[in-house]
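Working notes, structure below.
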Amino acid sequence: MADTQKKLQSLSDAYQKLQTDLQSIISARQKLESQQQENKGVQKEFSLLPPTSNIYKLIGPVLVKQDRQEAVMAVEGRLEFIEREM
């Protein structure tokens, strides 16, 4: 009887750990999906801008002018990273 109780407790603990791990994975995936949508939106906005448009990046409380090519490459790089992580 005590042996069975120990096995059940062990299985229950393992199940709870798996549930916790699953919740962590789901949360991480949701965060990545959110970031992916945000970056796809930025990418779409970049495609709508005229080539001569100024692009600014928010760094802390300050907007800093950024080279268009750098900005496009940064967004593409983030999207590639997110795809690999998912």
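What you see below is based on every heavy atom in this structure, not just the backbone, and it leaves out hydrogens, waters and symmetry mates.
Side-chain contact between Ile59 and Lys57 is present, with at least one heavy-atom pair separated by less than 4.5 Å.
Annotation: the span from Ile25 atom CD1 to Gln30 atom CD amounts to 12.5 Å, rounded to 0.5 Å. Summarising the geometry, atom OG1 belonging to Thr4 is positioned 7.0 Å from atom CG belonging to Leu8; distances are rounded to the nearest 0.5 Å. Between the CD1 atom of Ile82 and the CZ atom of Arg29 there is a distance of 11.5 Å, given to the nearest 0.5 Å. If you take CG on Leu79 and CD on Gln36, they are separated by 6.5 Å, rounding to the nearest 0.5 Å. From Arg78, atom CZ reaches atom CD of Gln43 across 10.5 Å, with rounding to the nearest 0.5 Å. Atom CG of Leu63 and atom CG of Asn54 lie 11.5 Å apart (nearest 0.5 Å).
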Apply salt bridge (Lys or Arg N to Asp or Glu O under 4.0 Å) to the pair Asp21 and Lys17, showing each step before the final yes or no. CA-CA 6 Å; Asp21 292 347; Lys17 184 183 180 323; 3.0 Å; yes
Does the pair Gln35 and Asn39 meet the rule for a side chain to side chain donor-acceptor pair (under 3.5 Å), with working shown? CA-CA 6 Å; Gln35 290 174 347; Asn39 280 284; over 6 Å; no
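Across all their heavy atoms, Met86 and Glu33 have their closest contact at CE-CG, 3.6 Å.
Other residues, nucleotides and ligands contribute at most 12 non-hydrogen atoms within 6.0 Å of the CD atom of Gln5.
Looking only at distances, no side-chain donor or acceptor of Ser53 sits under 3.5 Å from a matching main-chain atom of Leu49.
Both Tyr56 and Leu58 sit in one connected hydrophobic cluster of ILVMFWY residues. Membership requires side-chain heavy atoms under 4.5 Å apart, directly or through other members.
Here the options are Met73, Arg68, Gln66, the test is side-chain contact (heavy atoms from CB on, under 4.5 Å), and the partner is Glu70; only Gln66 passes.
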